[in-house]
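Encoded as structure tokens, the structure appears first; notes follow it.
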Amino acid sequence: MIRTRDAGTLRAADAGFAVTLAGWVARRRDHGGVTFLDLRDASGVAQVVLRDPEAGRALRAEFCVLVHGTVAIRPAGNANPDLPTGNVEVVATDLEVLSTSAELPFPIEGSLYGPGSVEETTRWRHRYLDLRRAWPATALRTRARMTSIIRRVMEANDFLDVETPYLTRSTPEGARDFLVPVRLQPGHWYALPQSPQLFKQLLMVAGLERYYQIARCFRDEDFRADRTPEFTQLDIELSFLDEEDVYALTESLLTTLWRDLLDVDLPVPFARMTYADAMRRFGSDRPDLRFGLELTDLSGHFAGTRFRVFAEQPYVGAVVLPGGGSLTRKELDSWQDWARGRGARGLAYVLIGEDGAVRESGPVAKHLSAEELVGLPAAAGAGAGDAVFFAAGTERPAQELLGALRLAIGRDRGLIEESAWRFLWVTHFPMFEPTDGGGWTAVHHPFTAPTPEWADRFAEEPGAGLARAYDVVVNGIELGGGSIRIHRAGMQQQVFDVIGLTREEAESKFGFLLEAFRYGPPPHGGIAFGLDRMAAVLAGTDAIREVMAFPKAASGGDPLTGAPTPITPEQRREAGIDVAP
RNA sequence: GGUCCCGUAGUGCAGUCUGGAGUGCACGCCGCCCUGUCAAGGCGGAGGUCGCGGGUUCAAAUCCCGUCGGGACCGCCA
């Protein structure tokens, strides 16, 4: 190495020693006769004292420099308690500029810190400069520590790291595929994997028993703050297991991560809740348990109501807005707008007076009978001065609306215990959900096993059948999900029948898997975690782009390299894109 | 595919509702001064296709239409 010490490690005990540092000029304080440099390398920052006015004047921000000097205790009164290296400084005997820097597109050091201080596109465009900044670099370091711990835990549990192909065929995840043309077979295309799902099941047939992989996955869908077309999963599969094995492994992994990275001791086992309960109580399959405000089911209360909006609806539910009884008309209207923004017609509501009774003047209350009004606050769990919002209609969409409303209220009223970590298993997901075309589709994927109670009759009631599928959720964020798989051919065929997949289609799509399953497949199952999301949670940010080294913009483009680009006619011809199938 | 927000100096913003000279702030940049600062300080200076195109108007950063880019959300997507 061309340096002898890392700048951030210098301490008072080093005083008197000659050192050579290498790094970047983070700041320069030129006093004419003496110049102070904050020299930054990956380890931190140390102050360099330069008594050569000419050399000091020539330096600029982000010049890459090599400094020879002697560590000295700073003069009395000049220590900087805010820096780990603040008691010492390096008195330079020689300074060499290794490379100069052009004027910067945004400040590396400056009064503006943090991820929001520069527009994202500018940051990604010059990500190599963005990552010189403390916060962005810390996010990547957190991610690296996370994956390191993951590998340690997985290896300690005898899991085998196996890579699977990226150039492959469509996997049954339901999203759009990214496609890659194949020069050697014009008109034929690879799909990039949406997950290693099929391969990991094959590895179970292969007898590996315990597999894991940190795998890149590709899904050609629209963006969100927590979604990007190219992302990373921790993919796990094991044989001869049941749900408890997955839960125990996951809890071991997550408690280790939270302990080592955040110094937080998570209580185990994690809470468990069925999907049905999660929807009923929280209107979400990933409930945020950091606050209460559970939904109430008022279907019984309003059975036989003459109020047109609630009458004849399969479900009427409510959520309380604490203190909402004193909202202005304008504030109530803005909640209406919020609901309409989510595709609802509006939000029926009543206000509770200070006497604890429903104020009868409201637009909904005046349509309700005296009996309905009397019991309503208690039935909805509302107290004096609250507001009650209703959703009526088909159960699941109405619950989802109330669930989203519950979250919005929780945020709006500051009800969320921000420092808490509320982990939760959501279990017993439905096997199928209706498609627009009147058929059924697998909620998880078509290899998910039914629960024992439904094993023999899920095909008779596809809408009611429950799956051995599970998600692990923290604070309303889904960290991972998985299932116990089907390992018997007959049951697998029944699932294909329900989702309307013919034998021919099944054969052409997953024939290789079904073929493999003819040779004594073991009972198996697994789980996959969204590592970008997990890293973001551990790093304390909502945006997964912050924990990706070179993130893409919302249109799928890479602001740094300019990808994707048009191709030349030559490339087009060679790739065989235009060959008719 | 839909809704909303943003686009003004290198960076972050104000100005837009209510049209009147590229009007302004902070940081950065350039020059000079300065031997104990650490967001150093002082003095001076440069820097603008107000995203782009069209329209209305005597006059457009400002109003209208379109478009491009970015972001958030819905749809979609484990």
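Just so we're on the same page: letters track the sequence lines, and every chain starts at 1.
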Answer yes or no: side-chain N or O of [X] and base N or O of [N] forming a donor-acceptor pair under 3.5 Å.
X        : N     : result
A:Glu119 : B:U11 : no
A:Glu89  : B:G36 : yes
A:Arg74  : B:C38 : yes

* Asked: How are the rings of A:Phe218 and A:Tyr166 set to each other: parallel, tilted or perpendicular (split at 30° and 60°)?
  -> perpendicular

* Report the relative orientation of the aromatic rings in A:Trp338 and A:Trp335; use parallel for angles under 30°, tilted for 30 to 60°, perpendicular for over 60°. => perpendicular

* Asked: Has A:Phe106 got its ring stacked on the base of B:U11, with centres under 5.5 Å and planes less than 30° apart?
  -> no

* A:His31 stacking on B:G36: centroids under 5.5 Å, ring planes under 30°? -> no

* To do: Select one nucleotide: of B:U35, B:C73, B:U11, the one nearest the side-chain heavy atoms of A:Arg51.
  => B:U35

* To do: Between B:G12, B:G71, B:U37, spot the one nearest the side chain of A:Thr122, thanks.
  => B:G12

Which is true for [X] with a 4.0 Å heavy-atom rule: it touches a base, it touches only sugar-phosphate, or it touches nothing?
X        : answer
A:Phe231 : nothing
A:Pro75  : base
A:Ala404 : nothing
A:His444 : base
A:Asp285 : base

Under 4.0 Å from OP1 or OP2 of [N]: is there any side-chain N or O of [X] that close?
X        : N     : value
A:Ser555 : B:G70 : yes
A:Arg29  : B:U37 : no
A:Arg224 : B:C74 : yes
A:Arg227 : B:C77 : no
A:Arg27  : B:A40 : yes
A:Arg28  : B:G28 : no

* To do: Give a yes or no answer on whether the side chain of A:Asp471 reaches the backbone of A:Glu478 with a donor-acceptor pair at less than 3.5 Å.
  => no

Length of the [atom1]-[atom2] vector between [X] and [N], whole Å:
X        : N     : atom1 : atom2 : result
A:Ile108 : B:C27 : CD1   : P     : 19 Å
A:Glu120 : B:U11 : CD    : C1'   : 16 Å
A:Leu50  : B:U37 : CG    : P     : 17 Å

* **Paired nucleotide for B:G24 [Watson-Crick or G-U wobble; both distances under 3.5 Å]** => B:C13

* Structure fact -> Correct closest heavy-atom pair for A:Leu479 and A:Met534 would be CD2-CA, 4.0 Å

* Asked: Which distance, rounded to the nearest 0.5 Å, do you find between the CZ of A:Arg533 and the CG of A:Asp542?
  -> 11.5 Å

* Distance, C1' atom - from B:C13 to B:G54, rounded to whole angstrom -> 29 Å

* **Gap in Å between the two P atoms, one belonging to B:U18 and one to B:C65, rounded** => 15 Å

* Side chains of A:His445 and A:Arg485: is there a donor and an acceptor less than 3.5 Å apart? -> yes

